[in-house]
Student: 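For reference, the structure I am asking about is given below.
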4 protein chains.
Amino acid sequence: MVAAAARLVGEVGMAGISMDLVAQRAGVSKATIYRRWASKEELVIEVMRRFVEPTAAPDTGSVAEDVRQFAVALAQRFAHQRKSDVLPHLVAAACYDESLRAALDHYSRSRQSTIREILRRGVRRGELPADYDIDVAVDMLLGAFLYRRLMSGGSLSADVAARISAILVPAPSTADPSVRRR
Amino acid sequence: MVAAAARLVGEVGMAGISMDLVAQRAGVSKATIYRRWASKEELVIEVMRRFVEPTAAPDTGSVAEDVRQFAVALAQRFAHQRKSDVLPHLVAAACYDESLRAALDHYSRSRQSTIREILRRGVRRGELPADYDIDVAVDMLLGAFLYRRLMSGGSLSADVAARISAILVPAPSTADPSVRRR
Amino acid sequence: MVAAAARLVGEVGMAGISMDLVAQRAGVSKATIYRRWASKEELVIEVMRRFVEPTAAPDTGSVAEDVRQFAVALAQRFAHQRKSDVLPHLVAAACYDESLRAALDHYSRSRQSTIREILRRGVRRGELPADYDIDVAVDMLLGAFLYRRLMSGGSLSADVAARISAILVPAPSTADPSVRRR
Amino acid sequence: MVAAAARLVGEVGMAGISMDLVAQRAGVSKATIYRRWASKEELVIEVMRRFVEPTAAPDTGSVAEDVRQFAVALAQRFAHQRKSDVLPHLVAAACYDESLRAALDHYSRSRQSTIREILRRGVRRGELPADYDIDVAVDMLLGAFLYRRLMSGGSLSADVAARISAILVPAPSTADPSVRRR
DNA sequence: AGTTAAGCGAGACGGTACGTCGTGTCTTGTG
DNA sequence: CACAAGACACGACGTACCGTCTCGCTTAACT
């Protein structure tokens, strides 16, 4: 069921999926699907939860470097056209469906744990100011990727990833104290 | 026609709109609409082009302050639930429709002109480094808003807007030369 | 189980009944019902067998009067909208289901015993000709009721009942010999 | 559409018909069917209206003979298993659907015109008493056929038809005046 | 001025997917 | 060990939009 949906996401993308199709492929009745998920969107969230493994958290000793590596890895994720079409669809659907909204929030929350952990470590170690706003930073990092992918149409090369992380967490290169103090 | 669509966007949101409904409201036949727009999405882009006036570009003399004001103004934009549901829908639709993709790109490009101008001015004046990556910065600013609104579910207060712009363009408060030089 | 079905027939009529509903009401699992009856129709036949008591056979000494009384009593039976919807449903279902057909035939046969007895008595006493076709007469009597109720939409008053029986078994009132002789 | 439905009635009978099937066979969308008929039952009534031509009215000069001929012709109609399953289904469905009820009434009314005309002629000519209850007689005649076909399970031979009509309109064989006068 | 052409409203149409319901079978867990 | 509880495959239901299409009617331009 989830597996069939996952396969279909890969084959025809979010737009090509219908409940009838999933049911047929999974050898399952539509009613059975609806018994578990309220919509194909919630089903697809389940797909992501199960089939998209979280990015590993690097620990190089430097926040700036950790963030950079994380960002580069993330950029690669967005390469696959088909699969990265899923998220925009879910986001749009969540605008009209409260329960989907909740499910998506929960999912995105869980997916942010890696980058949040990296940043928290930075604060702990003193590499980032104590009042560093992790929420906002995460929004900026992931938002930049999303926006670039969906709106700007720009590339998502490793270089771009690096530049984004550089703005987010300025490299302490020449022992720049300006950030830490404030 | 566009006016009727605009009214409907306000009343029932993107999800509640159908071509039949627009046609009926505009006192127009569906065929006539299709003669001008390929889909309701392209029609709605037209709506935005006509009815969403661009944010004014502040010019306070300081990039940091300009960006801050711009961000705060933008944050207010995202307040209206109904209307800000439109963009995600268009973004999702653009994933499957090349021509819509183009129309949306064109639109978003034109909407970025204000913030790009602000940043370009900053570079010209030397407040920002000569190699400041405006593309990336714009992605981070707008992406942060989008992501926060759609995924994080966080608030979009003036305070948050200020913090975002602070990360993007560190205030030169105490004549900090570190950013400029590099 | 049968009792629950009977109650439901009274409440929601044949159309509103489903096996799930009967099961729930009877506090029984569907499987248990299917173990005993092949369909809800056969279950309902059981209901009729148990809960619809046969019309009493009058014996006034005159066939014509007996038939009249029987017909009037029968007419009252058809008054209840809800309950008399059951039979048409069963009849229709029996067209496609051989075993149901048999069950229904058996039931209707048993229900005709009263009127057949009345007519047989008439023949025995010589009030009806020896070659009187009881089968046909029964069909005409019951058929007239059924048809009137279901197709003509006419009323089923005592008066109508009387007129039907009068045609079937002409009253020997004024020593009319025409029927007997032939 | 109606033609496709007619063909299907012949092939799979009333029970085997579904709106999806009719739509597919007619090369038409379900919505189009529903635009014209509220249910498959009303569609089938249309089928009967168009494809079942009315029985011709015999005029032999004698009511008794006219009725006999009509009855015999009618009996042949009921021969085809498949097709005569349709009516019971419609009758049952009409019990739960007011508008179908009306449509069916209208149809059956129009189908009775032949036999009614025959009987009216009999009254006009004085072969039947002036107060002869045509409504009741029609119910008895058609009802007998219906009942025999659906409930009794008896045959519908020409002989049976003749016997039914004999009871309904006693042959005036030996110039029996008893009926006419009254 | 009369005729013709274009443009449009109205809305029917073939399709596709929806989400729900009922059936009859089959499995699981409990008393 | 039987049975309630209920999950399940199947298939029909009736609805909603989509995008295309054919009708007439209007209005304008061109005879």
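All values reported here derive from a predicted model rather than from experimental measurement. Just so we're on the same page: letters track the sequence lines, and every chain starts at 1.
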Student: Please report, rounded to the nearest Å, how far the C1' atom of E/dG9 is from the CD atom of B/Gln24.
Tutor: 13 Å

Student: Taking OH from D/Tyr34 and P from E/dA17, how many angstroms apart are they, rounded to a whole number?
Tutor: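 Rounded to whole Å, this separation is 19 Å.
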
Student: Please identify each residue that fulfils salt bridge (charged side-chain N to carboxylate O under 4.0 Å, His left out) with D/Arg50, with sequence neighbours left out.
Tutor: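 Partners of D/Arg50 by the salt bridge (charged side-chain N to carboxylate O under 4.0 Å, His left out) criterion, ordered by chain and then number, come out as D/Glu46.
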
Student: With sequence neighbours excluded, tell me which residues meet salt bridge (charged side-chain N to carboxylate O under 4.0 Å, His left out) with D/Lys30.
Tutor: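 If we apply the salt bridge (charged side-chain N to carboxylate O under 4.0 Å, His left out) test to D/Lys30, skipping adjacent residues, the hits are D/Asp20.
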
Student: Would you sort out whether D/Cys95 and C/Val86 count as a side-chain contact (heavy atoms from CB on, under 4.5 Å), showing the intermediate values?
Tutor: CA-CA 9 Å; D/Cys95 293; C/Val86 170; over 6 Å; no

Student: Which residue lies toward the 5' end of DNA chain E, D/Gly27 or C/Ile17, if each is placed at its nearest nucleotide?
Tutor: D/Gly27

Student: Can you list everything that forms a side-chain contact (heavy atoms from CB on, under 4.5 Å) with C/Thr32? Sequence neighbours excluded, please.
Tutor: C/Met1, C/Val28, C/Ser29, C/Arg35

Student: Do the side chains of C/Arg77 and C/Arg149 get nearer than 4.5 Å, heavy atoms only?
Tutor: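 Side chain of C/Arg149 against side chain of C/Arg77, heavy atoms only: no contact under 4.5 Å found.
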
Student: Determine, step by step, whether C/Leu146 and C/Leu87 satisfy the side-chain contact (heavy atoms from CB on, under 4.5 Å) criterion, reporting the C-alpha distance in whole Å, the side-chain angles of both residues, the deciding distance to 0.1 Å, and the verdict.
Tutor: CA-CA 9 Å; C/Leu146 200 66; C/Leu87 202 53; 4.1 Å; yes

Student: Could you give all pairs that pass the salt bridge (Lys or Arg N to Asp or Glu O under 4.0 Å) test and reach residues 92-103 of chain C, with sequence neighbours left out?
Tutor: C/Arg101-C/Asp105

Student: Kindly write out the residues that satisfy side-chain hydrogen bond (donor to acceptor under 3.5 Å, both in side chains) with B/Tyr107, not counting sequence neighbours, or none if the list is empty.
Tutor: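 side-chain hydrogen bond (donor to acceptor under 3.5 Å, both in side chains) check on B/Tyr107 returns B/Arg111.
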
Student: What is the distance, rounded to the nearest whole Å, between atom CH2 of A/Trp37 and atom P of E/dG19?
Tutor: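 Nearest whole value for this atom pair: 15 Å.
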
Student: For C/Ala103, enumerate each residue passing the side-chain contact (heavy atoms from CB on, under 4.5 Å) test, keeping only those at least two apart in sequence or located in another chain.
Tutor: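 Residues passing side-chain contact (heavy atoms from CB on, under 4.5 Å) with C/Ala103: C/Ile45.
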
Student: Report the residue (B/Val28 or C/Gly16) whose heavy-atom-nearest nucleotide on DNA chain E is the more 5′ of the two.
Tutor: B/Val28

Student: Listed by chain and number, what are the side-chain contact (heavy atoms from CB on, under 4.5 Å) partners of B/Ala38, not counting sequence neighbours?
Tutor: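 B/Ala38 satisfies side-chain contact (heavy atoms from CB on, under 4.5 Å) with B/Glu42 once adjacent residues are dropped.
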
Student: If you fit an axis to the five pairs at each end of the helix from E/dA1-F/dT31 to E/dG31-F/dC1, how big is the angle between those two axes, to 10 degrees?
Tutor: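 That helix has its two terminal axes inclined by roughly 0°.
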
Student: Whole Å only: how far is the CG atom of B/Asp20 from the P atom of E/dA12?
Tutor: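 To the nearest whole Å, that distance equals 11 Å.
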
Student: Heavy-atom nearest nucleotide on DNA chain F for B/Ser18 versus A/Arg36: which residue maps closer to 5'?
Tutor: A/Arg36

Student: Check the pair A/Ile33, A/Met19 against side-chain contact (heavy atoms from CB on, under 4.5 Å), reporting the backbone distance first and the verdict last.
Tutor: CA-CA 8 Å; A/Ile33 302 181; A/Met19 285 306 222; 3.8 Å; yes

Student: Quick one: closest heavy-atom pair of A/Phe51 and A/Ala3, and the distance?
Tutor: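 What the structure gives for the nearest pair is CZ-CA, 4.1 Å.
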
Student: Would B/Val44 and B/Met14 count as a side-chain contact (heavy atoms from CB on, under 4.5 Å) here? Give the steps.
Tutor: CA-CA 9 Å; B/Val44 168; B/Met14 196 69 208; 3.6 Å; yes

Student: How long is the line joining CD1 of B/Ile33 and C1' of E/dG11, in whole Å?
Tutor: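 One finds 13 Å between C1' of E/dG11 and CD1 of B/Ile33, rounded.
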
Student: Where does the chain D footprint on DNA chain F start and end, counting 5' to 3' with a 4.0 Å heavy-atom cut-off?
Tutor: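 Range of nucleotides touched by chain D: F/dA12 to F/dT15.
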
Student: List in numerical order all residues of residues 41-48 of chain C for which some heavy atom is under 4.0 Å away from an atom belonging to DNA chain F.
Tutor: none

Student: Apply side-chain contact (heavy atoms from CB on, under 4.5 Å) to B/Arg25 and list each qualifying residue two or more places apart in sequence or on a separate chain.
Tutor: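 By the side-chain contact (heavy atoms from CB on, under 4.5 Å) rule, B/Arg25 matches B/Ala4, B/Arg7, B/Leu8, B/Glu11.
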
Student: If only side-chain N and O atoms of B/Arg35 are considered, is one of them under 4.0 Å from the OP1 or OP2 phosphate oxygen of E/dG7?
Tutor: no

Student: Please produce a list of atom pairs where a protein N or O lies less than 3.5 Å from an N or O of nucleotides 26-31 of chain E.
Tutor:
none

Student: Check the distance between E/dG15's C1' and D/Met1's CE and give it to me in whole angstrom.
Tutor: 14 Å

